[in-house]
Amino acid sequence: MRSKKLGTLLICAGLAMILAAVALLARNWRESNTAGKVSGEVLPLLVEEIRERKDIAIDPLSPKMAAIPVDGHEYVGFISLPTLGLELPVMEDWSEAKLKLSPCRYYGSVRGGDMVICAHNYAQHFGRLKELKTGETALFTGLDGTVTRYAVAEVQVLDSSAVEDMISGDYPLTLFTCTYGGRSRVTVRCDFAID
């Protein structure tokens, strides 16, 4: 009798875990779709703002990046990863809430030669970052319309606690995202492209 109760209890616990996993998957799917939708809506507005605005004051000696508001958030430009078919707006700074909407500037700037951009591993954001290969192109378009060309130098997988490694090194552009489960970070290091 006792083993029958234990068996029923274990089955119920197993079902509860399965339901929790399904709920988690549904939440992640919903967040990913929302992020893709927001980026898809913001990008054309941002591109139009860049085209129309001639009054953006950018100090060429300042490593600080200019930002403009679009739909209630500040953006510094957009990143293009042609081989992945991605073109995404980049928010001025990051927070957990902002990462649920768009890639974000984590550190540095284009002019400072040390920009780091992070995004969730959503399918429509940086979920395919690990597919980039050495030599492939990344482009960043700033608010003044300047396009900075980069070439992928290396793809690394870093421990999730290696926060300082995200901003260290001599790479003018670093892109990163968490792996599923958040135990490590797919990190793409880029050099300036040589034409």
* Asked: Where is the tightest heavy-atom contact between Leu143 and Ala66, given as atom of each residue plus distance?
  -> CD1-O, 3.1 Å
* Asked: How long is the span from the CD1 atom in Ile194 to the CZ atom in Arg149, to the nearest 0.5 Å?
  -> 11.5 Å
* Same apolar cluster: Tyr171 and Met115, side chain cutoff 4.5 Å -> no
* Asked: Roughly how far apart are Leu132 CG and Thr137 OG1, rounded to 0.5 Å?
  -> 10.0 Å
* Asked: Looking at side-chain heavy atoms only, is the closest gap between Phe140 and Leu173 below 4.5 Å?
  -> no
* **Joint hydrophobic cluster, Leu139 plus Val90, side-chain heavy atoms closer than 4.5 Å** => no
* Neighbour count >12 (heavy atoms, 6.0 Å) for atom CG, Asp170 -> no
* What distance separates Lys130 NZ from Arg128 CZ, expressed to the nearest 0.5 Å? -> 9.0 Å
* What's the shortest heavy-atom distance between Ala151 and Gly135, and which atoms? -> CB-O, 4.3 Å
For residues 79-86, tabulate all N or O donor-acceptor pairs below 3.5 Å that involve a side-chain atom, not counting sequence neighbours.
unit_1	atom_1	unit_2	atom_2	d
Ser80	OG	Glu87	OE2	3.0
Thr83	OG1	Glu136	OE1	3.2

* **Side chains of Leu88 and Leu43 in contact at under 4.5 Å (non-hydrogen atoms)** => no
* For Thr146, enumerate each residue passing the side-chain contact (heavy atoms from CB on, under 4.5 Å) test, keeping only those at least two apart in sequence or located in another chain. => Asp144, Thr148
* To do: Quick one: closest heavy-atom pair of Ser109 and Asp114, and the distance?
  => N-OD1, 3.0 Å
* Is it true that Phe192 and Val155 fall in one hydrophobic cluster, defined by side-chain heavy atoms closer than 4.5 Å? -> yes
* Asked: Got a second to check how far Arg105's CZ is from Glu74's CD, nearest 0.5 Å?
  -> 11.5 Å
* Any pair counted as ring pair (Phe, Tyr, Trp, His ring centres under 6.0 Å), so long as it reaches residues 67-102, sequence neighbours left out -> Trp94-Tyr106
Can you give the donor-acceptor pairs under 3.5 Å from side chains of residues 117-124 to other protein atoms, not counting sequence neighbours?
unit_1	atom_1	unit_2	atom_2	d
Asn121	ND2	Cys178	O	3.1
Tyr122	OH	Glu31	OE1	3.2
Gln124	OE1	Gly36	N	3.4

* To do: Tell me, please, which residues at least two apart from Glu48 pass salt bridge (Lys or Arg N to Asp or Glu O under 4.0 Å).
  => Arg51
* **Shared hydrophobic cluster, Leu158 / Leu99 (ILVMFWY, side-chain heavy atoms < 4.5 Å)** => yes
* Structure fact -> When every non-hydrogen atom of Val76 is compared with those of Glu92, the smallest separation belongs to CG1-CA, 3.6 Å
* **side-chain contact (heavy atoms from CB on, under 4.5 Å) against Asp71, all qualifying residues, sequence neighbours excluded** => Val42, Leu45
* Sidechain-backbone polar pair: Ser184 side chain, Val157 backbone, donor-acceptor under 3.5 Å -> no
* To do: Mind listing the closest non-hydrogen atom pair of Pro103 and Pro89 along with its distance?
  => CD-O, 3.3 Å
* With side chains defined as the heavy atoms from C-beta onward, is the minimum distance between Val152 and Lys133 less than 4.5 Å? -> no
